[in-house]
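Remember, predicted model here, so these are calculated numbers, not experimental data. Here is the naming used below: chain letters follow the sequence lines, and residue numbers restart at 1 for every chain.
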Number of protein chains: 2
Amino acid sequence: MLEPGTLTDRICEQLKTAIVRGELAQGTKLNEPALANRYGISRGPLREALRRLEGLGLVVHVPHAGARVITLSRAEVLQIYDVREALEGMAARLAAVMMTPMEVEELRALLAQHACRIAAEGGRAYFQHEGDTDFHNRIACASRNPGLAQMLRGELYHRLRMYRYQSSQQSSRPERALQEHEQIVDAIAERDGELAETLMRRHIQRARRAVAEQLQSQPDQPPNFVAEETR
Amino acid sequence: MLEPGTLTDRICEQLKTAIVRGELAQGTKLNEPALANRYGISRGPLREALRRLEGLGLVVHVPHAGARVITLSRAEVLQIYDVREALEGMAARLAAVMMTPMEVEELRALLAQHACRIAAEGGRAYFQHEGDTDFHNRIACASRNPGLAQMLRGELYHRLRMYRYQSSQQSSRPERALQEHEQIVDAIAERDGELAETLMRRHIQRARRAVAEQLQSQPDQPPNFVAEETR
DNA sequence: AAGGACTTGATTGTCGACAATTGAAGCGTC
DNA sequence: GACGCTTCAATTGTCGACAATCAAGTCCTT
């Protein structure tokens, strides 16, 4: 395994995927010597990686008590959607003004690709989610607001991905979502920022509602549940 | 100087205020040995503090090249307002639903206090800014969405404070702002989330416009200007 | 036997030194 | 005189060890 970049970067990435995938379960105490040993590095880079993950909101850190993987309660998952609604709505509005014609075309091509996949394989969850994040990511970038894009791709994205992965939430309604995506692109193509924002917000509101319904039927861990065990 | 908390915390705080105040000018290269020496600590805690500041968006870090204080271009300052508009609008909408009657009363009391100060001293910039952030902060907390509140109080707040401090931007229009604040509280008191969001967004749009006008008349540093010197 | 203070173990926080990479100064060559 | 290469200093990245803090278990006291 060759090393691209510094140790802190690699460990951060590995821990990130481990947390998202649930290999490091929610609430897990992150023991520094144990983790450093496990990944074959020293505690220095590990601590810096943990600090970075703390900034991403994937880990909480209490002085003299160590770091723990966050625990996403039902309420917190829904709260993420509220923030997304606000930020992605604004992103769509800005994108309607800033996006180049070529980017609009590329976005249309992307959606056409999604349509093929959905038709072919009935919208398998994996492709659907990847495609969905791809779509939203492009709009975030097209807003030409790096801070906004970074918030969506950083804090929000990883936490949401963590929930999706672990609840194996399959995006019901892929056709519906695709249709909403197309409407959003249409609004952007017509440079109607107001409409693009409205459509995007409704799009995320519907997704939030779908998640809320699924959460309704699932048991929830206690509000501030903390798990033990490191490996 | 007794120590509340860990070294990393203290250094992080000191660096934060130094950056906001411009004592560490924008684009300054942050030399680790020099800084550690200056604050009388080792490089370990310093590096962790830098990583935390990186998460707050006050510092950029390039591998093998060190960390630098960010440089806020005009465009970036305005972009912060766009993000604020989206997030604080959502915060106001949520606050309208979640805020307790007592909190509404406290908010009203706060605004009454502001009114007195403005009448008495003509709205001195310092008090005005402190009061303004206090108002917005309370609404962020009242949204009962910790992630949302943290974004506003973290990344956005510090960067904006940095600009305000260094441009010695005096909030023109304190009376107008106060009036807008009162309208927002009224909407919240009537539990009209829709209206509260609209008013908050307009409020921030106006602030953004005022900043844009002031920026128009000021010279701007080159887009990716980088300054040397550490102390 | 129950409660509390003490001790002990483990974990985090901090430090100084070594290794690796970068950027620039100095030299030689064309 | 200008360009490219080599060498060197400085800075960042990494490591292992020591000190401080916290939590749990034990022992003593009442």
Worksheet item: Are D132(B) and H181(B) close enough that a side-chain donor and a side-chain acceptor fall under 3.5 Å?
Response: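 Note: D132(B) and H181(B) side chains meet the donor-acceptor criterion.
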Taking the side chain as C-beta and beyond, is there a heavy-atom pair between [X] and [Y] under 4.5 Å?
X: Q26(A); Y: Q166(A); value: yes
X: I19(A); Y: T28(A); value: no
X: D82(A); Y: L148(B); value: no

Discussion item. Does the protein touch nucleotides 9-19 of chain C at the base, only the backbone, or not at all? Give it as B, S and - per nucleotide, heavy atoms under 4.0 Å.
Written reply: --SBBBBBB--
Practice prompt. Grab the CG-C1' distance between N37(B) and dT12(D) for me, whole Å please.
Written response: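 Interatomic distance, CG of N37(B) to C1' of dT12(D): 16 Å.
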Item to complete: Please check if atom CZ in R138(B) has more than 12 non-hydrogen atoms from other residues, nucleotides or ligands closer than 6.0 Å.
Response: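 It does: R138(B) CZ has more than 12 such atoms within range.
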